[in-house]
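Okay, so here's the structure we're looking at.
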Amino acid sequence: MVDLELDMRARIGRLELAKPVMTASGTFGFGEEYRSLVDLGALGAIVTKGISLRPRAGNPAPRIAETPCGMLNAVGLENPGLEAFLRDKLPGLREMGPAVVVNILGDTLEDYAALARALDGAGGVDALEVNISCPNVERGGLAFGTDPALAAEVAAAVRESTRLPVLVKLTPDVTDIAAVARAVAATGVDGLVCINTLRGMAIDPLSGRPRLGKVIGGLSGPAIRPVALRAVFEVAREVDTAVVGVGGIGCWQDAVEFLRAGAVAVQVGCATFRDPSAAVMVLRGLEDFLKGLGVRSCSQLVGAVEL
Amino acid sequence: MVDLELDMRARIGRLELAKPVMTASGTFGFGEEYRSLVDLGALGAIVTKGISLRPRAGNPAPRIAETPCGMLNAVGLENPGLEAFLRDKLPGLREMGPAVVVNILGDTLEDYAALARALDGAGGVDALEVNISCPNVERGGLAFGTDPALAAEVAAAVRESTRLPVLVKLTPDVTDIAAVARAVAATGVDGLVCINTLRGMAIDPLSGRPRLGKVIGGLSGPAIRPVALRAVFEVAREVDTAVVGVGGIGCWQDAVEFLRAGAVAVQVGCATFRDPSAAVMVLRGLEDFLKGLGVRSCSQLVGAVEL
Amino acid sequence: MKPIRLEAELLDARAVARQMVRLRLRVGPCAIRARPGQFVMLGPLAEGMDPFLNRPFSIHRLEGPEAWELLVAEVGRGTRMLARLEPSARLPVLGPLGSGFEPPAEGELLLVGGGAGVAPLFFLAEDQLARGRRVRLFYGASSADRLVGCEALAARGARVEICTDDGSAGFGGFVTARLEQALGDGSDWLAACGPEPMLRAVTGLARRFGLAAQVSLENRMACGTGACMGCSLLLAGGPRRVCVDGPVFDAREVF
Amino acid sequence: MKPIRLEAELLDARAVARQMVRLRLRVGPCAIRARPGQFVMLGPLAEGMDPFLNRPFSIHRLEGPEAWELLVAEVGRGTRMLARLEPSARLPVLGPLGSGFEPPAEGELLLVGGGAGVAPLFFLAEDQLARGRRVRLFYGASSADRLVGCEALAARGARVEICTDDGSAGFGGFVTARLEQALGDGSDWLAACGPEPMLRAVTGLARRFGLAAQVSLENRMACGTGACMGCSLLLAGGPRRVCVDGPVFDAREVF
Ligand SMILES: Cc1cc2nc3c(=O)[nH]c(=O)nc-3n(C[C@H](O)[C@H](O)[C@H](O)COP(=O)(O)OP(=O)(O)OC[C@H]3O[C@@H](n4cnc5c(N)ncnc54)[C@H](O)[C@@H]3O)c2cc1C
Ligand SMILES: Cc1cc2nc3c(=O)[nH]c(=O)nc-3n(C[C@H](O)[C@H](O)[C@H](O)COP(=O)(O)OP(=O)(O)OC[C@H]3O[C@@H](n4cnc5c(N)ncnc54)[C@H](O)[C@@H]3O)c2cc1C
Ligand SMILES: Cc1cc2nc3c(=O)[nH]c(=O)nc-3n(C[C@H](O)[C@H](O)[C@H](O)COP(=O)(O)O)c2cc1C
Ligand SMILES: Cc1cc2nc3c(=O)[nH]c(=O)nc-3n(C[C@H](O)[C@H](O)[C@H](O)COP(=O)(O)O)c2cc1C
Ligand code: FES
Ligand code: FES
């Protein structure tokens with residue numbers, strides 16, 4: 001048997017990744033936090049923490065609560081803002097090896113467009129991920145992501161403001177995610193990222209205080225994996241646009257589930273908090289699995305579910 | 001200190017329960033399955049498996065899949081149908097002690113009304129729980145629950161067809177559960193039950209086969225507790241109708257969270273599969289906790305969250 | 001007897017074959033009231049909520065008056081956790097559950113087991129041997145290192161016919177091939193437990209040779225008590241719950 | 001040093017006071033490169049995904065050249081699981097993390113610890129004693145049976161002032177009350193770790209008596225590495241992450 005090279009490339013519209021595994025926004029900082037701990041070069045892409053036009057301080061503590069097989073967060077998009085990002089974070093990110101995907105969040109349509117324009121000219125950015133699904137901010141975020149028409153408007157605004165590939169990140173907290181996906185896909189974006197966190201809450205039974213300063217936050221982790229997988233499956237069958245899977249992925253078996261459900265690539269989120277090398281381990285395990293299957297390219301697994 | 005009797009009664013509109021803990025529909029059969037294992041008399045109510053006009057065979061196997069801190073089910077409303085229920089199950093249920101709440105599911109508005117009429121006359125039924133949130137059937141179920149207007153139509157149809165107290169069970173798989181709740185509450189029903197399962201999916205990574213015969217099923221268990229709690233909190237602040245909390249409750253601390261979030265009573269679902277006495281343990285723990293707090297009545301805890 | 005739930009004490013967990021472990025659980029005086037073919041739900045398996053569901057296992061043997069033995073094949077996370085338990089661990093057990101085998105009053109009993117599916121057949125064989133019945137067990141395994149308990153059962157008087165897929169012990173080939181050779185010698189009842197294709201083939205043979213047959217089935221379970229309808233199979237006669245209407249069914253109902 | 005992640009071996013887990021356990025972890029030669037005030041993230045704590053998050057603990061002491069000691073108060077599920085671990089268990093550790101204390105080059109060092117907050121102060125005290133510095137530890141606990149390691153630290157040369165809320169040992173009352181009596185004797189630097197009200201009070205005293213003060217803070221953490229922004233506090237100068245910008249902060253920044 002000739003040992004053909006396994007092709008791990010993932011094509012997300014105009015964005016081509018060397019590997020189909022990325023870090024998820026907000027769970028890997030700007031890469032530098034994990035430099036000494038993770039073989040960064042192995043990853044397909046690093047997706048940054050969400051960036052807004054101006055710096056944001058985020059929500060009051062506590063911002064984190066543990067839940068069964070997962071966690072709630074209400075960070076509230078604390079970030080240094082566009083300018084400091086370009087100055088302090090982007091140069092380091094560029095050198096790390098993986099593609100650089102910048103997650104952006106605005107309060108208004110114009111914010112999104114302005115972020116897209118600025119990042120277009122920045123150099124060293126490989127794609128934008130448009131966050132219209134963050135449950136932790138007052139304006140923007142989720143409000144855009146729950147309405148197909150508004151979601152499409154944001155997508156179109158970003159699309160028209162940059163030559164960079166554009167991914168749009170969807171919320172599962174809607175009646176019909178396929179409807180949002182169709183509307184966004186119609187704007188010609190390069191990829192749909194499913195899913196952001198689910199809105200959730202926890203209360204300390206003894207004190208009666210909510211476990212998050214902001215009361216309601218976003219649920220992530222293995223707990224939400226079945227919801228994320230269903231979302232990927234539903235969206236992938238509805239649109240031709242590439243789908244990226246995220247939600248509770250922590251090992252290669254999880255990644256295989258998402259690829260089979262129709263994702264062309266996956267993101268590893270809060271699994272990194274348990275084990276910083278989670279994303280790299282997902283990738284290595286996936287490679288071994290594909291070699292064992294004897295397929296030539298990772299893309300052959302995409303959509304391979306036996307219905 | 002005078003040791004005043006602790007008042008555990010819960011009032012859900014016109015339905016008064018001696019205790020604020022029930023079993024959740026579909027997780028406790030018709031009570032008889034647990035007769036030798038559980039001190040049934042201690043419970044506030046037994047909610048039956050969903051009953052349809054005609055018998056239903058349910059979905060093909062597998063119907064159950066384990067997920068992180070939870071499970072998926074795609075039972076598909078297997079049930080003996082109204083007639084066999086009235087003949088074979090109801091007499092036994094009546095004798096068990098707790099209030100009997102019959103969960104009903106129809107394919108059409110008229111089905112729901114017919115079920116309500118028939119159960120009204122049956123005797124020994126204390127309330128109806130209207131399932132407009134089951135993800136596991138083709139028609140009816142979820143389709144009614146995701147649209148505020150349709151949901152209200154079903155609620156009104158049932159309401160008008162019976163003198164029994166009516167609870168309506170909502171799905172979390174909507175963009176705005178409060179909007180559905182408002183519409184349903186406006187029909188004058190006695191209670192809103194939050195939540196049914198979340199739509200989810202799992203795939204066997206090796207074989208590529210979905211883990212459920214029906215592919216997509218309903219996610220339950222501790223994994224969804226933060227989502228359920230958030231739903232209860234959002235609904236309870238929007239409506240005056242009583243809210244019943246369900247989703248991932250397995251111990252008294254969980255029940256306290258739901259009461260504080262605004263539920264007047266709780267249901268214990270798949271926790272019973274891990275430990276048949278889960279619902280009774282929830283109740284006992286809650287009583288001890290309330291005694292420790294020194295309150296006179298369980299209702300004092302309802303909504304007691306420190307924002 | 002009605003099922004009860006108790007904290008069993010693990011007396012020992014011993015590796016008895018490759019990736020097969022035998023758990024001996026002290027459950028108290030109720031032990032002897034189980035019938036062959038019944039099963040238990042084991043768990044919760046961990047302090048946390050993951051893994052979430054309890055696991056079904058057949059009662060493999062009575063061991064003295066107060067203990068059950070289970071035979072566990074390591075196939076996934078839960079069974080691996082069980083295999084690594086230390087003696088004296090406490091394990092919540094719900095049981096005995098389900099229907100038992102119903103052997104006829106007379107004649108030789110043919111038992112056909114594949115892999116871990118042999119588990120309940122030991123209980124059945126030993127029970128029937130103790131009643132003075134003749135028992136013949138056709139026991140199929142992938143290879144010799146996966147076989148358990150053959151000598152002991154033979155010593156109790158059963159005729160054990162070993163079959164291995166790779167021929168490393170006994171008859172080389174599927175247990176159904178060996179069974180086919182042996183049928184037609186006058187036995188008229190058969191009980192089988194194992195992988196579905198085996199059960200299907202055994203049922204075909206039983207039908208061909210005019211034997212009554214009972215098969216013990218598996219399905220994903222949540223409650224084990226008939227409450228969740230999770231384990232129902234859509235059989236010819238309608239949906240039947242494996243956990244309470246089975247796991248032992250008349251083969252004609254199933255295939 | 002940059003944080004690393006490794007599988008530590010639990011050398012022992014010993015109950016040292018009521019609901020307080022000392023874990024000795026062999027982490028290898030990197031052990032001695034930690035600085036007092038730094039912490040580790042311990043976990044995953046179980047094979048399953050529940051509990052989900054790793055837990056932060058201060059490095060309590062260096063123990064020989066290759067091991068760290070942690071002092072763990074049993075307050076919830078994770079810490080109870082840790083307290084029950086058997087020696088030779090493997091525990092994934094990420095560390096050392098965060099900033100350390102920065103004592104001045106001269107003068108007596110005043111350390112103020114409350115409850116399990118005393119943990120990192122032992123490391124600081126022993127390190128400074130080894131450099132020949134004078135160290136005075138004001139150590140507050142709810143009662144005598146919650147005190148750990150006082151004699152050993154005194155034997156190394158520290159002056160240990162014990163305070164208990166119930167008066168069962170040492171000074172009866174809050175550690176801040178005792179501290180207040182002792183201030184003004186010339187010390188000009190103070191480090192504190194413990195419950196927030198204590199830190200607040202200590203900061204007030206430091207301000208009043210003109211001492212520089214460093215406080216070690218706690219907050220819910222997910223990553224421990226600065227990546228998640230989960231542990232940020234909205235301080236006067238903007239949001240600061242406890243895990244990388246702290247846990248040791250200049251008291252004036254905080255209160
Ligand atoms: C009535 C009955 C009796 C059984 N008796 C035995 C026995 O005596 N010895 C033995 O080794 N095995 C027996 N099994 C199979 C055993 O239950 C599974 O092998 C076991 O649950 C696998 O658990 P896991 O965590 O290792 O696997 P995983 O695949 O990690 O389990 C995931 C989920 O799938 C379920 N599952 C996986 N395989 C099966 C299966 N074959 N049948 C039912 N549920 C499954 C698990 O219970 C769990 O809910 C029996 C099954 C049934 C239904
Ligand atoms: C930098 C730092 C250093 C620490 N050093 C020590 C130490 O040396 N000794 C010690 O006993 N404790 C220390 N703590 C507190 C310790 O982390 C918590 O007591 C522990 O996480 C509780 O876990 P649990 O599972 O028992 O509690 P649970 O309440 O069940 O935990 C639930 C969640 O809340 C978090 N949590 C609970 N209490 C705290 C807390 N006080 N601070 C941060 N997170 C918390 C847990 O990490 C977990 O994510 C430190 C905390 C921080 C942030
Ligand atoms: C602490 C934290 C911060 C996050 N911040 C962002 C963010 O800034 N932008 C965004 O689009 N998603 C953010 N997310 C969502 C994740 O990128 C991911 O979609 C979600 O956590 C589900 O994946 P997981 O279960 O693998 O973590 C954040 C998640 C966590 C846990
Ligand atoms: C196996 C199974 C069957 C169920 N069947 C029904 C049903 O017939 N009608 C209904 O309204 N809800 C049904 N439910 C939903 C539960 O009543 C409950 O709303 C849900 O499981 C969440 O609660 P839990 O996490 O405590 O299980 C079912 C749930 C499970 C797990
Ligand atoms: S496992 Fe629940 S009905 Fe059989
Ligand atoms: S714990 Fe993640 S930034 Fe501090």
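Reckoned from all heavy atoms, side chains included, excluding hydrogens, waters and symmetry mates. Just so it is clear: chains get the letters A, B, ... in the order the sequence lines come, proteins before strands, and each one is counted from 1.
- Heavy atoms closer than 4.5 Å to chain B are found in both the backbone and the side chain of C/P3.
- Counting heavy-atom pairs closer than 4.5 Å to chain B, the top-ranked of the candidates C/M229, C/K2, C/R220 is C/M229.
- C/M41 does not touch chain B: none of its heavy atoms, backbone or side chain, sits under 4.5 Å away.
- When atom types are taken as modelled, the side chain of C/S99 and the backbone of C/V248 share a donor-acceptor pair closer than 3.5 angstrom.
- Counting heavy-atom pairs under 4.5 Å between each of B/C270, B/G221, B/G58 and chain C puts B/C270 at the top.
- The residue among B/Y34, B/F30, B/F28 with the most heavy atom pairs within less than 4.5 Å of chain C is B/Y34.
- Of the two parts of C/R55, only the side chain, counted from C-beta on, holds a non-hydrogen atom closer than 4.5 Å to a non-hydrogen atom of chain B.
- If you tally non-hydrogen atom pairs under 4.5 Å between each of C/S232, C/G226, C/G238, C/G43 and chain B, the highest count goes to C/S232.
- For chain C, no part of B/S277 is nearby; none of its heavy atoms comes within less than 4.5 Å.
- Both the backbone and the side chain of C/L53 come within less than 4.5 Å of a heavy atom of chain B.
- Chain C forms more heavy-atom pairs under 4.5 Å with one residue of B/E78, B/R35, B/R211, B/M71 than with any other, namely B/E78.
- No donor-acceptor distance shorter than 3.5 angstrom exists from the side chain of B/D254 to the backbone of B/W252, with no hydrogens or angles considered.
- Residue B/R209 places its CZ atom among 12 or fewer non-hydrogen atoms of other residues, nucleotides or ligands, all under 6.0 Å distant.
- Counting non-hydrogen atoms of other residues, nucleotides and ligands closer than 6.0 Å to CD of C/E86 gives a total of 12 or fewer.
- What you find for C/V72 and C/L23 is that their closest heavy atoms are CG2-CD1, 4.1 Å.
- Of all the listed residues (C/T225, C/N219, C/V244), the one sharing the greatest number of non-hydrogen pairs under 4.5 Å with chain B is C/T225.
- Tested against B/N103, the residues B/E129, B/K169, B/K49 include a single side-chain hydrogen bond (donor to acceptor under 3.5 Å, both in side chains) partner, B/E129.
- At a 4.5 Å heavy-atom cutoff, the contact between B/D275 and chain C is made by backbone and side-chain atoms alike.
- Note on C/D127 versus C/R61: no salt bridge recorded, every NZ/NE/NH1/NH2 to OD/OE distance being 4.0 Å or above.
- Side-chain atoms of C/L124 and C/P103, non-hydrogen and from C-beta on, do get closer than 4.5 Å to each other.
- Contact count against chain C (heavy-atom pairs under 4.5 Å) is highest for B/R274 among B/E66, B/E32, B/E33, B/R274.
- Counting non-hydrogen atoms of neighbouring residues, nucleotides and ligands closer than 6.0 angstrom, the CZ atom of C/R26 reaches no more than 12 such neighbours.
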